[in-house]
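To start, the structure under review is shown below, and the notes come after it.
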Amino acid sequence: MRLGMPLSYSGGFREAAAVIGEYEAAGLDVVLVPEAWSFDAVSQLGYLAARTTTLQLAAGILNVYSRTPALLAMTAAGLDAVSGGRFTLGLGASGPQVVEGWHGVPYTAPLARTREVVEICRSVWRRERVLHDGRHVSVPLTPERGGSGLGKPLELIDHPVRARIPLMLAALGPRNVALAAELFEAWEPIFYLPERAADAFGGPLAEGSARRDPALGPLDVVADTHLLVTEDADRAERALRRVRRHLALYIGGMGARDRNFYNDLAVRYGFPDAARKVQEHYLGGRPQQAAAALPEELVRGVSLVGPRGFVAERVAAFREAGATTLNATPLGEDHAARLESLTALRALTG
């Protein structure tokens, strides 16, 4: 089982990057750099490429709206080149709050657009002349779709390090999950609850896998989780409160009342009443009550927090449910504690 970690740079990016080598030495396999409406992930990934030697680097994630498909492909090829073939292009649809609220572009047809982005990216990496007349993307842009008629098909000037850079899709909804299983090398589900994963994702994964090209290899399931290996019950409880607040933010407030993908997932996991209460509290300006309304089964189930023996049991549950990479956010209260937990998890994952 691979071990990943999302880069947290709330204390400063340079400070986080300065210790990334220690995580690399401790056995971390891949670091994922997020991009929301903070600093861009691309410049930071390039910086990390120069600070590491074996660590895999992944965008976690870039949305499919704010960059053109060709620019996504160029960016991935560039990051793969400067890292010596260590980059994974993580993609996702994000949501209308970010896509329309921050980038100012329409949030339309996320599945169809993602499919076209994948097709164009892989064409670019094969150094083919890009000719794509899709429903949502036209390259070159034709006069019928607003172009001048002067555009011509181009191919990537440089030779990529790899003709197929791995693609990862962050997805929760059934159709998006099926798309990940069909077209992507990896799939990143947030809030992965092993005991309910088959109910929430089993059907879409089977549907997509039935259409999967065998050349893609097995799907890498990059399960997001939170981590603290500790025998101290008070520290564990403080960490679980952080998990609760994080879950409450997404399930309660990340989206509109009738369009919240994370709330939908909680319902599919079998917690419809709790999902409704969390959203009511959060949107009503009561985040503490929202966090308190989350079921203990969900909070503990999606995280790796507690004594070493308990964490070992949870790792086994994740593995049994199909997770092949644990994308673990360390919850230690200082760098030493975070590194200690990651080292312990490395030993438990093998």
Side-chain angles (χ1 to χ4, degrees), residues 35 40-42 45-46 58-59 61-83 85-94 99-100 103-171 173 175-188 207-217 219-220:
E35 182 177 88
D40 76 290
V42 175
L45 284 158
I61 51 119
L62 305 183
N63 76 73
V64 296
Y65 293 94
S66 58
R67 296 173 175 89
T68 67
L71 179 56
L72 284 167
M74 293 164 62
T75 298
L79 287 170
D80 207 44
V82 298
S83 66
R86 292 186 283 132
F87 180 66
T88 293
L89 177 56
L91 299 173
S94 186
V99 172
E100 297 183 357
H103 296 289
V105 296
Y107 185 82
T108 55
L111 272 82
R113 183 172 181 86
T114 300
R115 186 178 289 274
E116 293 189 40
V117 167
V118 170
E119 182 178 331
I120 293 170
C121 281
R122 288 184 172 146
S123 178
V124 169
W125 299 332
R126 292 191 297 265
R127 299 193 70 245
E128 299 169 348
R129 287 195 310 160
V130 179
L131 286 160
H132 183 90
D133 186 23
R135 182 176 177 184
H136 304 283
V137 181
S138 176
V139 184
L141 187 63
T142 64
E144 292 79 13
R145 300 178 74 164
S148 67
L150 299 177
K152 67 176 186 177
L154 300 172
E155 66 183 40
L156 189 68
I157 294 173
D158 298 294
H159 289 260
V161 172
R162 292 181 290 178
R164 198 186 82 203
I165 296 168
L167 286 164
M168 176 177 70
L169 184 65
R175 292 190 298 165
N176 274 294
V177 172
L179 185 69
E182 177 187 355
L183 292 182
F184 286 74
E185 281 85 358
W187 163 53
E188 183 189 5
E207 176 189 336
S209 296
R211 298 190 295 268
R212 186 178 182 82
D213 183 347
L216 290 173
L219 182 67
D220 181 16

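Given the structure is predicted, the values throughout are model-derived calculations rather than measurements. Worth knowing before you read on, the calculation uses all heavy atoms, side chains too, and leaves out hydrogens, waters and symmetry mates.
The closest donor-acceptor contact from the side chain of Arg212 to the backbone of Phe184 lies under 3.5 Å. Put simply, the side chain of Arg86 never gets that close to the backbone of Leu79: no donor and acceptor are under 3.5 Å apart. Trp125 contributes no side-chain N or O that, together with a main-chain N or O of Arg162, makes up a donor-acceptor pair within less than 3.5 Å. In terms of modelled atom types and a separation under 3.5 Å, the side chain of Asp220 and the main chain of Glu185 share no donor-acceptor contact. Remark: the backbone N or O of Thr108 is paired with a side-chain donor or acceptor of Tyr65 at under 3.5 angstrom. Without hydrogens or angle criteria, Glu35 side chain to Ala41 main chain gives a donor-acceptor distance under 3.5 Å.
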**Request:** List the steps, then state whether side chain to side chain contact (heavy atoms under 4.5 Å, CB included) holds for Leu91 with Leu167.
**Result:** CA-CA 7 Å; Leu91 299 173; Leu167 286 164; 4.0 Å; yes

**Request:** Check the pair Leu216 / Arg164 against side chain to side chain contact (heavy atoms under 4.5 Å, CB included), numbers first and verdict last.
**Result:** CA-CA 10 Å; Leu216 290 173; Arg164 198 186 82 203; 4.3 Å; yes

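Between Arg122 atom CZ and Glu128 atom CD the span is 12.0 Å, to the nearest 0.5 Å. Between Arg126 atom CZ and Leu156 atom CG the span is 12.5 Å, to the nearest 0.5 Å. To the nearest 0.5 Å, the span separating OG1 on Thr75 from CG on Asp80 amounts to 12.0 Å. Residue Asn176 holds its CG atom at 6.5 Å from OG1 of Thr114, rounded to the nearest 0.5 Å. One finds the CG atom of Leu131 at 11.0 Å from the CD atom of Glu155 (value rounded to the nearest 0.5 Å).
Residues Leu89 and Cys121 form a side-chain contact, since some pair of their non-hydrogen atoms from C-beta on lies under 4.5 Å apart. The shortest side-chain heavy-atom distance between Thr88 and Glu188 does not fall under the 4.5 Å cut-off. Here the side chains of Ile120 and Val130 are in contact, with some heavy-atom distance below 4.5 Å.
Nearest heavy-atom pair across Val42 and Arg67 is CG2-NH2, 3.7 Å. Ser148 approaches Pro143 most closely through the heavy-atom pair C-CG, 4.5 Å.
Residue pairs that meet the salt bridge (charged side-chain N to carboxylate O under 4.0 Å, His left out) test with at least one member in residues 104-120, sequence neighbours left out, are Arg115-Glu182.
The side chain to side chain contact (heavy atoms under 4.5 Å, CB included) check on Asp133 picks up Ser138, Arg145, with sequence neighbours excluded. Ala81 is linked by a side chain to side chain contact (heavy atoms under 4.5 Å, CB included) to Val161, counting only residues two or more places apart in sequence or in another chain.
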